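This is a predicted model, so every value here is computed, not measured. In the text below, chain A, chain B and the rest are named by the order of the sequence lines, each starting its count at 1.
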Number of protein chains: 2
Amino acid sequence: MLSGEYEHTLDEKNRLTLPARFRPRFAEGLVLTRGMDNSLSIFSKEEFSRAIEARLAKLDQLSREGRLMHRFYFSGAVEAVPDKQGRVMVPQALLQSAEIEREVIVVGVFDHLEVWDRTAWRGYMKQVEENVEDAAERLAAQHD
Amino acid sequence: MLSGEYEHTLDEKNRLTLPARFRPRFAEGLVLTRGMDNSLSIFSKEEFSRAIEARLAKLDQLSREGRLMHRFYFSGAVEAVPDKQGRVMVPQALLQSAEIEREVIVVGVFDHLEVWDRTAWRGYMKQVEENVEDAAERLAAQHD
DNA sequence: GTGCTCGTACTCACCGGAAAGCATTTGATC
DNA sequence: GATCAAATGCTTTCCGGTGAGTACGAGCAC
């Protein structure tokens, strides 16, 4: 299970140092993709297949939205292997699409990591905290 | 079953000493998470899987609310093993989101512990005492 | 009331990881 | 082949996390 929040900074070569606790998990390689809500996502190869490829496979590429989702995820996907110091290069295009500056937050979200611009993350979490109790209430009401 | 109220203080490195009677239960490891109503929760790994992961698994991460709940719980979740003196590190981000200062109350709540800012807890308990009879009345009316 | 024991809180010292700067290698272009 | 740019690797410094030891206080027994 991936979890936690870690402040990191990109170096001037746009390299991201993975938090030390996550390195074993991604030592063999990882997939870096665009994510939702102006974030980037990091999956292991297996998790990417499971969480993204399998999910997208259910979407018909003949549909407008199916094509959209396929292009969104695959055009931005980069396979990479962290170097000996646990760093990965983040392509400029991904940084731009997530509006990420130098200061980022790396977040563990169960099956993947997310990379956020630090101020964007703070703003998002603020919203989340305002809404989470209502969301939880709705979940409780479903009781299935 | 976990119960009781214990006054504790965080040291200057933001470590929380678990009340001695709870240490055996969490000696193998625990999960510290954001909780509701400005509190923090402490689960054993198994209870966390049962209480949190299982519920979240039902939410599709393609939905806005699904992502929100995943990020809320996992970004705030830390797996930790108490040290020999029964202490665990509490990340700054969690303290901020629960608005906790140095002085806390550790509360046993059936299957987990909660950590509250001491004054916030006192205020909340006051409200609880005023409302518990009405809440009980409404629950009794549902009888399903 | 006195002394003992357990538990909490504090202090200090050490270790490891992050980040920045620098060095080296590789690859591309002319 | 030479020059430049980009990528990769190494090293040092600093800070935060971690551990151990100690002092203080409350509770209990004698």
Side-chain angles (χ1 to χ4, degrees), chain A residues 2-30 32 40 42 78-96 100-108 113-119 121, chain B residues 2-32 40 42 75-96 100-108 113-119 121:
Chain A
L2 299 169
S3 66
E5 243 177 71
Y6 301 84
E7 296 195 350
H8 276 246
T9 51
L10 301 180
D11 66 15
E12 89 267 30
K13 304 288 181 61
N14 290 340
R15 287 179 293 187
L16 170 69
T17 309
L18 294 179
R21 356 175 16 161
F22 298 141
R23 289 194 205 147
R25 178 135 178 176
F26 296 107
E28 306 302 315
L30 54 82
L32 178 66
L40 301 178
I42 297 177
V78 186
E79 286 192 65
V81 179
D83 66 21
K84 290 175 187 170
Q85 291 142 79
R87 297 176 300 188
V88 284
M89 249 280 292
V90 184
Q92 196 67 42
L94 290 190
L95 291 178
Q96 281 171 5
I100 287 176
E101 306 285 328
R102 310 275 322 283
E103 310 212 308
V104 300
I105 296 245
V106 180
V107 191
L113 299 180
E114 294 186 352
V115 184
W116 288 69
D117 180 77
R118 210 175 284 175
T119 58
W121 170 254
Chain B
L2 301 168
S3 64
E5 253 185 65
Y6 301 84
E7 297 196 350
H8 276 248
T9 51
L10 302 180
D11 66 16
E12 90 267 31
K13 298 290 182 66
N14 292 339
R15 286 179 292 189
L16 170 68
T17 310
L18 294 179
R21 48 176 311 191
F22 297 142
R23 286 188 207 155
R25 175 136 178 177
F26 295 107
E28 306 302 315
L30 55 81
V31 183
L32 177 66
L40 302 179
I42 297 177
S75 76
V78 188
E79 287 191 67
V81 179
D83 65 21
K84 291 174 188 170
Q85 291 144 78
R87 295 175 301 187
V88 285
M89 243 282 292
V90 185
Q92 194 70 42
L94 291 191
L95 292 178
Q96 282 172 5
I100 286 176
E101 305 286 329
R102 310 275 322 281
E103 310 212 308
V104 301
I105 295 243
V106 180
V107 192
L113 299 180
E114 294 186 354
V115 184
W116 288 70
D117 180 77
R118 211 175 284 176
T119 58
W121 170 253

Original post:
How about B:Glu5: does its CD atom have over 12 heavy atoms from other parts shown lying under 6.0 Å from it?
Top reply: yes

Original post:
Between atom NE2 in B:His8 and atom C1' in D:dG25, what is the gap in whole Å?
Top reply: 14 Å

Original post:
Is B:Arg118 reaching over with its side chain to a backbone N or O of B:His8, donor-acceptor style, under 3.5 angstrom?
Top reply: yes

**OP:** Round to a whole Å and report the spacing from CG of A:Asp11 to C1' of C:dC22.
**Re:** 13 Å

**OP:** Measure the distance from OH on A:Tyr6 to P on C:dA18 and round it to the nearest whole Å.
**Re:** 10 Å

Original post:
Any donor-acceptor pair under 3.5 Å between the side chain of A:Arg21 and the base of C:dG17?
Top reply: no

Subject >> Atom-to-atom span, CG of A:Leu10 to C1' of C:dA19 - whole angstrom >> reply: 12 Å

Original post:
Taking N and O atoms by type only, does the side chain of B:Arg23 place a donor or acceptor under 3.5 Å from a partner on the base of C:dG7?
Top reply: no

**OP:** Starting at atom CD of B:Gln85, determine the distance to atom P of D:dA20, rounded to an integer number of angstrom.
**Re:** 7 Å

Subject >> B:Thr17 vs C:dT8: side-chain N/O to OP1/OP2 distance below 4.0 Å >> reply: no

Subject >> B:Leu18 vs B:Gln85 side-chain heavy atoms within contact, under 4.5 Å >> reply: no

Original post:
Under the 3.5 Å rule, do the base of D:dT18 and the side chain of B:Lys13 count as making a donor-acceptor pair?
Top reply: yes

Original post:
Can a side chain N or O of A:Arg15 be found less than 4.0 Å away from OP1 or OP2 on C:dG21?
Top reply: no

Original post:
Per the side-chain contact (heavy atoms from CB on, under 4.5 Å) rule, which among A:Leu40, A:Val104, A:Asp11, A:Leu32 passes with A:Leu16?
Top reply: A:Val104

Subject >> Side-chain heavy atoms of B:Arg23 within contact of B:Thr17, under 4.5 Å >> reply: yes

**OP:** Provide, to the nearest angstrom, the distance between the CG atom belonging to B:Asn14 and the C1' atom belonging to D:dT18.
**Re:** 14 Å

Subject >> Protein-nucleotide distance (B:Phe22, atom CZ; C:dT8, atom P), rounded to Å >> reply: 11 Å

**OP:** Have a look at B:Glu103 and say if it touches a base, only the backbone sugar-phosphate, or nothing, with a 4.0 Å heavy-atom cut-off.
**Re:** nothing

Original post:
With no angle test and no hydrogens, is the base of C:dC10 tied to the side chain of B:Glu12 by a donor-acceptor pair under 3.5 Å?
Top reply: no

Original post:
Quick one: B:Arg87 CZ to D:dT22 C1', roughly how many Å, whole number?
Top reply: 12 Å

